[in-house]
Amino acid sequence: MSDWVLKAEGLSKGFTLHLQGGVRIPVLRDAGLVVAPGECVALSGPSGAGKSTLMRLLQGNYGADEGAILICRADGSVADLATASPREVNGLRRDTIGHVSQFLRVIPRVPALEVVAAPLLARGVARELALARAQALLRRLNLPDRLHALPPATFSGGEQQRVNLARGFVADFPLVLLDEPTASLDAANREVVIALIGEAKARGAALVGIFHDLDVRGRVADRVVEVLPLREAA
Amino acid sequence: MMADDEPILSARGLSLSFGAVRALDEVSIDLWPGEVLAIVGESGSGKSTLLRALAGEMRPDAGRVTYRDASGEALEVHAMGEPALRRLARTEWGFVRQDARDGLRMGVSAGGNVGERLMAVGARHYGDIRTEAERWLERVEISPSRIDDRPGQFSGGMRQRLQIARTLVTRPRLVFMDEPTGGLDVSVQARLLDLIRGLVSDLGIAVVLVTHDIAAARLLAHRLVVMRHGRVVEEGLTDRVLDDPRHPYTQLLVSSVLAA
Ligand SMILES: Nc1ncnc2c1ncn2[C@@H]1O[C@H](COP(=O)(O)OP(=O)(O)OP(=O)(O)O)[C@@H](O)[C@H]1O
Ligand SMILES: Nc1ncnc2c1ncn2[C@@H]1O[C@H](COP(=O)(O)OP(=O)(O)OP(=O)(O)O)[C@@H](O)[C@H]1O
Ligand SMILES: [Mg+2]
Ligand SMILES: [Mg+2]
């Protein structure tokens with residue numbers, strides 16, 4: 001096993017807003033991050049510094065202008081997300097990178113149970129097993145059984161977020177990205193999430209998270225990495 | 001295993017002009033087995049023309065289209081001749097038209113529309129064909145009790161679902177779709193999109209989907225191609241093109257939709 005799961009180096013990212021006369025917004029310059037197996041790293045920094053931008057780069061949702069995002073797959077092979085083809089990125093998302101976004105993107109008419117089981121089904125796990133694991137996790141997150149068969153479109157914010165969390169933790173991804181995972185949860189469910197993060201670390205996953213809840217952050221993060229606005233970093 | 005690493009469909013340097021209009025200008029694309037590729041862009045940008053050139057329905061002035069068939073053989077779509085192309089369209093391909101009336105036989109019953117495609121690939125047993133047609137009607141959420149009705153008696157959404165059943169019943173490897181939800185109202189569109197999403201992933205079909213609906217592209221497509229004036233201006237991972245668009249035209253396109 002390599003001594004890191006994620007090694008991002010020399011990352012630069014800016015946006016050119018063509019509809020606003022081509023104004024250029026530099027966000028990250030020469031950013032880097034290394035995360036070991038079993039380690040949870042929290043990103044912190046002022047609003048607008050680029051924490052979410054960095055998370056999106058690590059998920060392949062934004063494209064890096066410069067730099068490398070090396071990711072070690074479960075089989076030990078290494079991919080560079082920064083230069084990977086769309087098909088490779090889709091493959092990494094299927095097998096390697098789990099992601100809990102801040103808000104669930106609802107797919108019309110798909111029941112919560114299916115939403116959660118999807119990452120397992122995509123990996124070829126048998127349907128019955130995938131649904132059973134999805135159900136167990138939803139129960140653990142205290143989502144009432146009667147909601148499992150309903151599409152999450154009408155769920156409350158906290159219920160949607162628990163569906164989202166279950167989806168991110170249902171498969172044993174080597175790398176898990178968490179953007180404000182506990183923002184809309186009550187105390188009991190926050191404890192469940194803290195336990196899930198602990199279990200992921202224990203099985204050797206690397207985690208990167210943005211936690212605005214400092215109590216949660218203190219309990220799960222092994223290290224805090226500051227993302228500074230460019231002027232201050234320079 | 002090997003075959004999955006090679007595109008099922010490749011176009012290189014496709015150009016096609018109608019008089020002074022350059023409908024396609026040096027377009028190249030690749031599609032892999034099981035992949036959904038969406039083509040978006042403004043009206044008149046060449047999307048439908050591209051689809052028809054890919055499917056061999058329209059001959060480009062320049063460029064070529066290569067299809068890798070079920071046996072792994074690479075076929076030149078514009079060099080294979082009419083009979084071979086028709087056979088391919090009947091067996092390994094499907095085409096879902098925007099106007100269901102162009103993709104259905106309006107004088108034939110719903111069951112007949114589905115059964116006809118099965119017969120074209122060699123099914124002979126009447127009972128089996130009818131059973132399979134019933135199964136597919138159910139799959140696209142049309143009551144099997146409507147099996148003997150003609151498409152003219154159906155609503156627009158039902159007609160479109162029937163066209164999808166007719167297209168997919170033979171389990172094609174590659175399906176071309178031109179605005180499959182166009183002209184339907186929004187709630188009907190959502191249902192149809194969900195249906196397409198489920199079927200395409202269950203059956204592992206490769207799809208080239210032309211749409212002006214960015215939300216549909218986000219829901220269905222693995223990759224996205226943005227066209228303007230007959231050219232590909234941007235392409236890539238669907239969510240990256242939509243959330244981190246680079247080209248001025250893509251930024252305009254994305255900014256004009258509400259939270260796709
Ligand atoms: N897709 C985008 N297009 C243009 N600008 C963007 C885009 N995404 C982020 N930005 C800009 O990048 C900068 C950093 O934003 P980001 O969301 O990464 O900050 P953050 O550190 O997560 O802040 P917060 O703590 O408020 O969530 C902001 O100026 C933001 O406007
Ligand atoms: N058979 C034809 N004869 C002449 N011009 C044509 C023909 N087919 C297409 N064109 C022209 O080629 C250009 C591209 O047309 P096409 O139908 O491919 O656009 P599109 O992107 O599908 O647009 P829409 O979104 O409106 O369907 C247009 O300017 C159109 O007028
Ligand atoms: Mg943020
Ligand atoms: Mg068209």
Side-chain angles (χ1 to χ4, degrees), chain A residues 13-25 27-28 50 52-65 69 81-94 97 99 101-111 114-115 117-119 121-124 127 151 153, chain B residues 4-8 29-38 141 181 186-198 201-202 204 206 215-216 218-225 233-256 259-260:
Chain A
K13 177 63 185 170
F15 300 94
T16 304
L17 308 183
H18 292 287
L19 305 183
Q20 270 84 50
V23 60
R24 172 106 193 128
I25 305 180
V27 179
L28 299 172
S52 296
T53 299
L54 178 55
M55 287 290 256
R56 285 171 179 264
L57 286 170
L58 301 180
Q59 209 249 337
N61 177 233
Y62 285 177
D65 297 333
I69 302 170
L81 189 64
T83 54
S85 70
R87 296 179 65 228
E88 288 169 324
V89 176
N90 281 324
L92 285 165
R93 287 175 177 179
R94 185 187 59 229
I97 309 173
H99 176 231
S101 56
Q102 200 169 352
F103 301 102
L104 178 69
R105 190 179 281 285
V106 187
I107 306 170
R109 301 212 312 160
V110 180
E114 296 272 345
V115 170
L121 294 170
R123 288 175 174 201
R127 199 173 159 75
Chain B
D4 271 10
D5 289 336
E6 297 195 65
I8 185 171
I29 62 155
D30 289 305
L31 177 75
W32 276 269
E35 185 180 49
V36 179
L37 177 73
E141 300 168 15
T181 61
V186 182
S187 64
V188 178
Q189 279 185 19
R191 184 169 174 200
L192 192 64
L193 282 175
D194 178 53
L195 189 80
I196 294 173
R197 193 188 64 84
S201 80
D202 286 354
R218 192 189 281 273
L219 186 69
L220 296 175
H222 299 105
R223 273 195 306 130
L224 195 63
V225 165
V233 296
E234 187 159 357
E235 64 178 300
L237 201 65
T238 302
D239 62 282
R240 192 182 298 179
V241 173
L242 296 179
D243 295 338
D244 185 12
R246 306 293 175 106
H247 190 277
Y249 176 68
T250 315
Q251 292 188 355
L252 181 67
L253 194 72
V254 170
S255 73
S256 52

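The chains referred to below are lettered A, B, ... by the order of the sequence lines, with proteins before strands, and numbering in each begins at 1. What you see is a predicted model; the values in this text were computed from it and never measured.
- Residues Leu237(B) and Arg87(A) are not in side-chain contact: their nearest non-hydrogen atoms beyond the backbone lie 4.5 Å or more apart.
- Side-chain contact between Leu19(A) and Ser255(B) is present, with at least one heavy-atom pair separated by less than 4.5 Å.
- Looking at every heavy atom in both residues, Val110(A) comes nearest to Arg197(B) through CG2-NH2, 2.8 Å.
- Note on Lys13(A) versus Asp244(B): salt bridge recorded, some NZ/NE/NH1/NH2 to OD/OE distance being below 4.0 Å.
- Here Phe15(A) pairs with Tyr62(A) under the ring-ring contact (aromatic ring centres under 6.0 Å, His included) rule; sequence neighbours left out.
- Contacts between Leu252(B) and chain A at a heavy-atom distance below 4.5 Å involve backbone atoms as well as side-chain atoms.
- When the side chain to side chain contact (heavy atoms under 4.5 Å, CB included) test is applied to Arg191(B), the partners found at least two apart in sequence or on another chain are Arg109(A), Glu141(B), Arg161(B).
- In terms of modelled atom types and a separation under 3.5 Å, the side chain of Arg223(B) and the main chain of Pro86(A) share no donor-acceptor contact.
- With respect to the salt-bridge test (charged N to carboxylate O, under 4.0 angstrom), the residues Asp239(B) and Arg105(A) do not qualify.
- For the residue pair Asp65(A) and Arg246(B), the shortest heavy atom distance occurs at OD1-NH1, 3.7 Å.
- Counting only heavy atoms from C-beta outward, the side chains of Glu35(B) and Asn90(A) never approach each other to under 4.5 Å.
- A distance of 12.0 Å separates CZ of Arg240(B) from CZ of Arg56(A), quoted to the nearest 0.5 Å.
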